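Letters A, B, ... mirror the listed sequences (proteins, then strands); counts begin at 1. Just so you know, these numbers come straight off a predicted model, no measurement behind them.
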Protein chains: 2
Amino acid sequence: MASMTPARTSPPTDVPQLGLRERKKIKTRTAIRDATYALIEEQGYDATTIEQIADRAEVSPSTVFRYFPTKEDIVLTDEHDALILEELKARPKDEPWTESVRHIMHKAVRLGHDREPEITRIRAHLMVQVPTVRARMMESMSVASHMLAEGIAERTGRDVDSLEVRVYTMSVVAGLAEISRYWAENDFQDDLADLLDRALDVLANGLTTKNS
Amino acid sequence: MASMTPARTSPPTDVPQLGLRERKKIKTRTAIRDATYALIEEQGYDATTIEQIADRAEVSPSTVFRYFPTKEDIVLTDEHDALILEELKARPKDEPWTESVRHIMHKAVRLGHDREPEITRIRAHLMVQVPTVRARMMESMSVASHMLAEGIAERTGRDVDSLEVRVYTMSVVAGLAEISRYWAENDFQDDLADLLDRALDVLANGLTTKNS
DNA sequence: CCTATTTTGACAGCTACTCTCATTTCATGG
DNA sequence: CCATGAAATGAGAGTAGCTGTCAAAATAGG
């Protein structure tokens, strides 16, 4: 074969680093996720079995479990959390943590809305309907809580493992998680960013009694 | 077994109303729970199967599932929640809700400590170790949150279903749940009542920054 | 004691999930 | 270009939680 590109010796530097293996892995991963979301939209979560997912993704059931430890993880796992942590660490240290949280959460909301709006919605929907998914979600909240704790501990001069920091961060994260649920239960009518601001306000200032 | 009243001919009027059927049901229920806790102490949670539980409780596996929908429920389900809700409703309406919560939670802690201290500990322990149990616990928190929401909505003159109330109650309940976890992770060294007060303080006043 | 209702046990079945092992696919150095 | 080693995959068997059905046993009421 007359190869047009003699530049075989110097591979392009912008898409390299990833061998065929890595690329296939990414492909398989997204294939499984896409298949899952498609099937869920067609039949619902419970009616969708791993076998069906495997069939549509054209892999074996074994492979599905090799990529995702549980069925819930196929739906929930993403890379956002890591990104958000980076963002938090990037905020100026002297910024009040409430502002930091507001910034990164707004960014997260925008990210979800721009890149995969449909997925964001399905996820929130599943969180309302399917108990196991909600449970798994709360579990990951717990992890998020610990990440947030580091930032808050720094800024308030407390120990990360102190009861106070743990209680506070957990309450914040759980409060924020309630937003998605509220959003989904009200048929996605509200603007997520607005809900976020209202929730952060409550978490920062408490519930002001309307009369007294 | 019945170390109570020997009055065979005239059944006591304080424990009546319950036919043989109801009494057997209660017996079976507690038998299953006791068997479960015993087996868990011996072998751990995961190693304990429904079949083993059924054997020790001297019932069939079917019956176990008839009494408890999931394995986690055997460990977690109790009647406290209902009692706590009663207590909350019994508090004076003009009392600040933080005080109401403090009262009923203290009562709950005392109840757990007095009546079944071992169980309280095992439960907290399982909550730390077994993800599925923790998940199920959070789920019941969500229910508790909704109960609390009614009380808070009343006292703050807001709608029970408003975002504000939901976010706030969820954050409070989640924060309180973190107490158990902290307690168990620190080998039950602290006094639960103290932890409760500290947590409630944080939830009411926020995290006071130590320097500013 | 007899009948109606409830409770139970035995059984079959589904599915998420684990583990093992042989086969295939990719990477690499000669 | 090929041979060798490593990694990914597929196939299969097995476990356990959970659901549903149906007949047998226990209980309530007359």
Side-chain angles (χ1 to χ4, degrees), chain A residues 1 3 8-9 11 15-33 35-36 39-40 43-77 126 130-137 139, chain B residues 11 16-33 35-36 39-40 43-77 126 130-136 139:
Chain A
M1 309 184 201
S3 63
R8 181 82 62 73
T9 52
V15 190
Q17 296 339 37
L18 294 178
L20 179 53
R21 239 166 207 166
E22 306 300 321
R23 272 178 285 154
K24 268 206 167 179
K25 266 165 103 172
I26 294 177
K27 250 179 156 179
T28 306
R29 198 172 185 62
T30 57
I32 294 174
R33 237 208 306 254
T36 305
L39 284 167
I40 287 179
Q43 333 169 330
Y45 182 85
D46 289 326
T48 301
T49 72
I50 299 285
E51 208 178 336
Q52 293 175 332
I53 294 172
D55 279 352
R56 184 165 302 201
E58 296 185 297
V59 293
S60 77
S62 323
T63 302
V64 175
F65 284 115
R66 230 174 248 121
Y67 278 80
F68 300 93
T70 73
K71 191 174 157 188
E72 292 88 36
D73 281 289
I74 307 179
V75 178
L76 292 179
T77 298
L126 288 177
V130 186
T132 61
V133 172
R134 178 167 53 245
R136 184 66 189 71
M137 184 67 120
E139 189 65 19
Chain B
Q17 299 335 41
L18 294 179
L20 179 54
R21 240 165 207 166
E22 308 299 322
R23 271 178 286 153
K24 267 208 168 179
K25 266 164 103 170
I26 294 177
K27 249 180 155 179
T28 306
R29 198 173 185 69
T30 58
I32 293 174
R33 236 206 307 254
T36 305
L39 284 168
I40 286 179
Q43 330 171 329
Y45 182 84
D46 289 327
T48 301
T49 72
I50 299 285
E51 209 178 336
Q52 292 175 332
I53 294 172
D55 279 353
R56 183 165 301 201
E58 296 185 297
V59 294
S60 77
S62 323
T63 302
V64 175
F65 284 117
R66 227 174 252 121
Y67 278 80
F68 300 94
T70 72
K71 191 174 157 188
E72 292 88 37
D73 280 288
I74 307 178
V75 178
L76 292 178
T77 298
L126 287 177
V130 186
T132 61
V133 172
R134 179 167 52 244
R136 184 66 189 75
E139 189 65 20

Taking the side chain of B:Lys24 as its heavy atoms from C-beta onward, which of D:dA26, D:dG10, D:dA6 lies nearest to it? D:dA26
Measure the distance from CG on B:Asp73 to P on D:dT19 and round it to the nearest whole Å. 10 Å
Options D:dA11, C:dA16, C:dG9, nucleotide nearest the side-chain atoms of B:Ser62: C:dG9
Whole-Å distance separating the CZ atom of B:Arg66 from the C1' atom of C:dT6: 11 Å
Hey, does B:Thr48 reach any base, or is it just sugar-phosphate, or nothing, if we go heavy atoms under 4.0 Å? sugar-phosphate
Sidechain-backbone polar pair: A:Arg136 side chain, A:Lys71 backbone, donor-acceptor under 3.5 Å: no
Contacts of B:Glu22 and B:Glu72 projected onto DNA chain D by closest heavy atom; the upstream (5') one is B:Glu72
To the nearest 0.5 Å, what is the distance between CD (B:Glu139) and CD (B:Glu72)? 11.0 Å
Using whole Å, report how far NZ of B:Lys25 lies from P of C:dT8. 7 Å
Among C:dT8, D:dT19, D:dG10, the one nearest any side-chain atom of B:Phe65 is D:dT19
Distance check needed: D:dG17 C1' versus A:Asp46 CG, whole Å only. 14 Å
Got more than 12 heavy atoms from elsewhere within 6.0 Å of CD, A:Glu58? no
Categorize A:Tyr67 for me: base, sugar-phosphate, or nothing, with a 4.0 angstrom heavy-atom threshold over every strand shown. sugar-phosphate
To the nearest angstrom, how far is B:Ile32 atom CD1 from D:dG17 atom P? 14 Å
Taking the side chain of A:Lys71 as its heavy atoms from C-beta onward, which of C:dG9, C:dA16, C:dC26 lies nearest to it? C:dA16
On DNA chain C, compare the nucleotides closest to B:Thr63 and B:Arg21; which residue's is nearer the 5' end? B:Arg21
Atom-to-atom span, CG of A:Leu20 to C1' of C:dT25 - whole angstrom: 9 Å
Between D:dC18 (C1') and B:Ile53 (CD1): distance, integer Å: 13 Å
Rounded off to whole Å, could you give me the CD1-to-C1' distance for the B:Ile50 and D:dT19 pair? 13 Å
Which listed nucleotide (C:dC17, D:dG10, C:dA10) is nearest to the side chain of B:Ser60? C:dA10
Is it the case that more than 12 heavy atoms not belonging to B:Glu51 sit under 6.0 Å from its CD atom? no
Could you report the tightest heavy-atom contact between A:Phe68 and A:Asp73, atom names first, then the distance? CD2-O, 3.8 Å
Looking only at side-chain atoms of B:Thr49, point me to the closest of C:dC17, D:dG17, C:dA10. D:dG17
